[in-house]
Structure formats: C-alpha cells, structure tokens
Amino acid sequence: MELNVAVIGPAHALKGEVRLEIRTSDPQGRLAVGNALPTRPAANGPLTVERLRYDGRYYFAKFAEVNDRTRAEQLRGTMLVVETDDDEESDEEGWYAHELIGLEAQTEPGEVLGEVVDLIPGIAQDRLVVLTEDDQRIEVPFVEAIVTEIDVEAQVVVINPPGGLFPGLGQAEDAR
C-alpha cells in the first residue's frame, strides 16, 4: 500500500530547500537522511533526503537532486510517498486519509450529513472535511467528542456536531 508522507510546499532560501506539509506521525523516521522517496507525480522523483530540519512550526527538507530555488519551486505540490505492507500493525487511535475518504458522515440517529472528502492534518487536531449534499465543505474537528464512531466496514463515520457546525444540527452552545 502506498502512503503519502508529505507534500512539498514552497521553496525556502536559494539552495533548493523546501517546506513540507507533513502527512505522517513519524516524519523523522520516514524522512531520515539518505531515504529515497518515490513521488507523485512519479516524474518528479525519486527524491533523496539530504537534510531535514524542524523549526518548531514547519519541517524543511533539502533533497540531493534539488540544487536551486527554481527546481525547488517546480516540485511544489509533489507528494512524497512510501510503500508499506498491508500486514503492518495498525495504530488503534490513528487513521490514514485513504481509510476515511469516501465514508458516509452521519449523526447518531443515522441522518446523513454528507461524504468525507479529505483529512486535513493540524497542530492541535486534524479535521475531517465533509462535503454536504448542498456542496458545502464543512471542516469537522477530528476529536472523540465530535467524531464518536468510525466503522470502515459499514463505510460510516458518526458525528455528534456541536451547534453551528452543520446548519440546523447540534445543540447550541448557550443551551448546554
């Protein structure tokens, strides 16, 4: 199975360093110096990690194949991927985006809210993006109090929305 480790963001400085949007819980392991990572689109890689640093907010990488800002800018939006075994032990409390995208989002009584179309990683918590039937993209905080159940076999995510998250649903804050 192929997993997205990071997405290359904007170039940083002049010698080919790029900012990364991390999509893994183990960036230092997956992006260790010397690792050659396949890319999507494949024509942009593989890319070999020459240096990885974290400034407290962002990860930055320098790849052996990228020596200037122009080449670094051309890579913007490129996904760095890894191949994993399907038999790897899964993290009981973690989910990959590909496991959630396409699931139907429902309330506890079974009212359909829409379809999960993305998982946005965040510093405090991740957010599920639910596309409603009227084409609104709602970002749902991926916390246990709101996303109460995930049943991959049934293709369902159960959401207990707070007031105001989905129009007309959930208990208003002042009523709690």
Acceptor/donor pairs from residues 134-142 side chains to any protein atom, 3.5 angstrom cut, sequence neighbours excluded:
residue	atom	partner	partner atom	Å
D134	OD1	T132	OG1	2.4
D134	OD2	Q136	NE2	3.3
E139	OE1	R127	NE	2.7

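Residues L80 and V7 have side chains not in contact (no heavy-atom distance under 4.5 Å, counting atoms from C-beta outward). Counting only heavy atoms from C-beta outward, the side chains of V112 and E104 approach each other to under 4.5 Å. In this structure, L20 and F60 have side chains that are not in contact, with every pair of non-hydrogen atoms separated by 4.5 Å or more. Contact of the V18 side chain with the V66 side chain is not registered, since no non-hydrogen atoms from C-beta on lie closer than 4.5 Å. Looking only at side-chain heavy atoms (C-beta outward), L3 and V81 stay at 4.5 Å or farther from each other. Contact annotation: the side chain of T107 never approaches that of V158 to less than 4.5 Å [non-hydrogen atoms, C-beta and beyond]. Side-chain contact check for D151 versus L103: every heavy-atom pair is 4.5 Å or farther apart.
For R19, the salt bridge (Lys or Arg N to Asp or Glu O under 4.0 Å) criterion is met by no residue, not counting sequence neighbours.
I8 contributes atom CD1, which lies 4.5 Å from atom CG of L75 (distance to the nearest 0.5 angstrom). Separation of atoms CZ (R53) and OH (Y58) is listed at 12.5 Å; rounding is to 0.5 Å. Atom CG of residue N67 and atom CG of residue L14 lie 13.0 Å apart, to the nearest 0.5 angstrom.
A salt bridge is absent between E17 and R69; no separation between the charged side-chain nitrogens and carboxylate oxygens falls under 4.0 Å. Between R23 and E21, at least one side-chain nitrogen of the basic residue sits less than 4.0 Å from a carboxylate oxygen of the acidic one, meeting the salt-bridge criterion.
Sequence neighbours left out, the pairs with a member in residues 31-50 that pass side chain to side chain donor-acceptor pair (under 3.5 Å) are E2-R40, N44-T78, T48-E65.
For the pair E73 (side chain) and T70 (backbone), a donor-acceptor distance under 3.5 Å is absent.
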